[in-house]
Amino acid sequence: MSENEEKIFEAKEIIESCASLTVLTGAGISAESGVPTFRGKDGLWRNFRSEQLATPDAFWDNPKLVWEWYDWRRSAIKEARPNPGHFALAELEGQKRNMTLITQNIDGLHQMAGSKKILEIHGNIWQVRCTKCGDIKQNHRVPLEETPPRCELCGEIGRPNVVWFGEIIPMEVIDRSLKAIEECDVMLIIGTSGVVEPAASLGLVAKQTGKKVIEINLESTTNSPLFDLTLLGRSGEILPLLYTSHKVYS
Ligand code: BV8
Ligand code: ZN
């Protein structure tokens, strides 16, 4: 048995024997669904780095440009479907007394795979929030009829209902994420480079509160040495191996 296979076997034992599981996902879990990751080679658009466009300043400098970028990402995500990694987490949720899925992804693929208890800490690309009255509307139109889209209530311009760099994550969402880490026995961290704060510190909070932390990633990350186990590979291939599926595939 290879070292990685031994680790997968050990991880399966830990995950199957735990009652309460908290999961943190990043762009890596959606990579096999064809959604561009943030930092990888496909994190570029018209030679803009994601961090340059995902800021309030970039938006107010040129709302049309930033909306064209989100319209482009929406058209890419619209074609995407959940992969075996997303489905494995949805099934695992059904097997656990308590499981919370904290995601940095704004693509909505976890919901599409059937996951229920989800905390979208960076928001959702299919929601438009009014910059004046704050009204939030689901909007799945691709391409958008107009960029920027306007608020149906007050006519002011809308913005993507996401958390931009330099913006704080709503306290209620942070509180519920920390509560989920406090309550869990095991934390699973999947497909995140661990660069963006405060999400990158959630795994450290779990370690500092004595939880077992298992990481799944294509490559080791800055925090890997701090975690109990790091399984290297594609999450869509590894996650289905970490529990016993009761699904009957017709
Ligand atoms: C805040 C929504 C308070 C928008 C996103 C200096 C030091 C420390 C922190 C800061 C600093 N300066 C500024 C900050 C704060 C900043 C930050 O962390 N910056 C970083 C870049 C240094 N954070 C913030 O601004 C946050 N707010 O801190 O408020 C404050 C306020 C003012 C000033 C200071 C502080 C808000 C952050 C939220 C930003 N919004 N998204 C949108 O999407 O348009 S972040 C966005 O990027 C994603 O949501 C995600 O969080 C992040 C991308 O990271 P990952 O998901 O990890 O993806 P990445 O591509 O990096 O990695 C993918 C990994 O998967 C790789 O390791 C790869 O190997 C692996 N992989 C690939 N394929 C697979 C795979 N793994 C498994 N299977 C595969 N198949
Ligand atoms: Zn409005």
Side-chain angles (χ1 to χ4, degrees), residues 24-45 48-59 66-67 69-74 76-77 83-86 88-89 102-109 119-137 148-171 173-174 188-203 215-224 230-240:
L24 173 68
T25 63
I29 196 166
S30 293
E32 292 153 77
S33 298
V35 177
T37 62
F38 233 70
R39 279 207 160 69
K41 62 183 176 347
D42 47 26
L44 274 181
W45 178 78
F48 286 100
R49 293 219 52 72
S50 312
E51 292 87 347
Q52 288 170 287
L53 293 165
T55 68
D57 299 350
F59 181 77
V66 170
W67 264 113
W69 179 49
Y70 280 97
D71 207 17
W72 171 74
R73 291 171 68 187
R74 287 159 58 103
I77 296 170
N83 64 62
H86 296 104
L89 292 177
I102 304 169
T103 188
Q104 298 169 72
N105 301 342
I106 62 175
D107 56 31
L109 291 179
L119 291 173
E120 295 180 302
I121 60 173
H122 293 164
N124 185 300
I125 202 169
W126 301 113
Q127 294 167 353
V128 175
R129 184 169 90 230
C130 174
T131 57
K132 185 153 172 278
C133 73
D135 178 55
I136 295 173
K137 281 276 182 309
R150 296 227 158 236
C151 172
E152 290 158 16
L153 300 184
C154 75
E156 196 38 74
I157 65 169
R159 57 162 285 171
N161 188 30
V162 297
V163 179
W164 281 327
F165 290 98
E167 293 185 321
I168 55 166
I169 293 172
M171 281 327 285
V173 176
I174 289 284
L188 203 44
I189 298 182
I190 306 163
T192 181
S193 57
V195 171
V196 173
E197 297 292 352
S201 297
L202 294 176
E215 179 186 37
I216 299 172
N217 212 68
L218 210 48
E219 60 203 355
S220 54
T221 64
T222 37
N223 294 332
S224 298
T230 292
L231 311 181
L232 295 177
R234 288 177 165 62
S235 48
E237 291 160 11
I238 292 177
L239 280 166

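Counting starts at 1 for both ligands and their atoms, following the listed order. None of these values were measured; they are calculated from a predicted model.
Judged by the 6.0 Å and 45° rule, R159 forms a cation-pi pair with W164.
No donor-acceptor pair under 3.5 Å is formed between the side chain of N105 and the backbone N or O of D107. Put simply, the side chain of T25 never gets that close to the backbone of T103: no donor and acceptor are under 3.5 Å apart.
Not one N or O of R234 is nearer than 3.5 Å to an N or O of ligand 1, by distance alone. Taking any N or O of G166, backbone or side chain, at least one lies under 3.5 Å from an N or O belonging to ligand 1. At least one N/O-N/O distance between A27 and ligand 1 falls below 3.5 Å. Looking at ligand 1, you won't find any N or O of W164 less than 3.5 Å from one of its N or O atoms. Of the N or O atoms in G26, none lie within a sub-3.5 Å distance of an N or O in ligand 1. Checked by distance only, ligand 1 and V196 stay at 3.5 Å or farther apart across all their nitrogen or oxygen atoms. Close N/O approach between S235 and ligand 1 is found [any backbone or side-chain N/O within under 3.5 Å]. Geometrically, ligand 1 and N217 share a nitrogen or oxygen pair separated by less than 3.5 Å. Here's the thing with R73: one of its N/O atoms is less than 3.5 angstrom from an N/O atom of ligand 1.
If you take CG on L24 and CD1 on I121, they are separated by 6.0 Å, rounding to the nearest 0.5 Å. Of the inter-residue distances, the one linking L119 atom CG with I102 atom CD1 reads 6.0 Å to the nearest 0.5 angstrom. Between the CG atom in L232 and the CG atom in L218 there is a gap of 8.5 Å [rounded to 0.5 Å]. Considering CZ of R129 and NZ of K137, their distance stands at 14.0 Å, rounded to 0.5 Å. Interatomic distance, CZ of R74 versus CH2 of W67, reported as 6.0 Å (0.5 Å rounding).
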Test log, rule side chain to side chain contact (heavy atoms under 4.5 Å, CB included), inputs S235 and E32: CA-CA 8 Å; S235 48; E32 292 153 77; 3.5 Å; yes

Salt bridge (charged side-chain N to carboxylate O under 4.0 Å, His left out) assessment of D71 paired with R73: CA-CA 6 Å; D71 207 17; R73 291 171 68 187; over 6 Å; no

Test salt bridge (charged side-chain N to carboxylate O under 4.0 Å, His left out) applied to R234 and E219, step by step: CA-CA 9 Å; R234 288 177 165 62; E219 60 203 355; over 6 Å; no

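For the residue pair E51 and T55, no side-chain donor N or O sits within less than 3.5 Å of a side-chain acceptor on the partner. T221 and S193 share no side-chain donor-acceptor pair at under 3.5 Å.
Which parts of ligand 1 touch G191 is read off a 4.0 Å heavy-atom cut-off, strictly below it: atoms 63 (C), 64 (C), 65 (O), 76 (N). Set against the non-hydrogen atoms of E32, the atoms of ligand 1 under 4.0 Å away are 78 (N), 79 (C), 80 (N). Listed by number with element, the atoms of ligand 1 under 4.0 Å from a non-hydrogen atom of Q104 are 48 (C), 49 (O), 50 (C), 51 (O). Close contacts of ligand 1 with Y70, meaning ligand atoms under 4.0 Å from a residue heavy atom, involve 4 (C), 42 (C), 44 (O). Numbered from 1 in the order shown, with element, the atoms of ligand 1 that lie under 4.0 Å from a heavy atom of I168 read 3 (C), 29 (O).
Both the backbone and the side chain of T192 come within contact range of ligand 1, each with a heavy atom under 4.0 Å. Using a 4.0 Å cut-off between heavy atoms, A31 contacts ligand 1 through its side chain alone, with no backbone atom that close.
Taking the side-chain hydrogen bond (donor to acceptor under 3.5 Å, both in side chains) definition, one finds that N83 meets it with S33, H86, sequence neighbours left out. Every residue two or more places apart in sequence or in another chain that forms a side-chain hydrogen bond (donor to acceptor under 3.5 Å, both in side chains) with Q104 is listed here: T192. Applying the side-chain hydrogen bond (donor to acceptor under 3.5 Å, both in side chains) test to E156 and every residue at least two apart in sequence or in another chain returns nothing.
Looking at E167, E215, E51, it is E167 that brings a heavy atom closest to atom 36 (C) of ligand 1. Comparing E237, E219, E197 against atom 18 (O) of ligand 1, the shortest heavy-atom distance belongs to E197.
Note on the Zn ion (ligand 2): protein N, O or S atoms under 2.8 Å away count 4, no waters included.
Contact annotation: G123 has no heavy atom less than 4.0 Å from any atom of ligand 1. At least one heavy atom of G233 sits closer than 4.0 Å to an atom of ligand 1.
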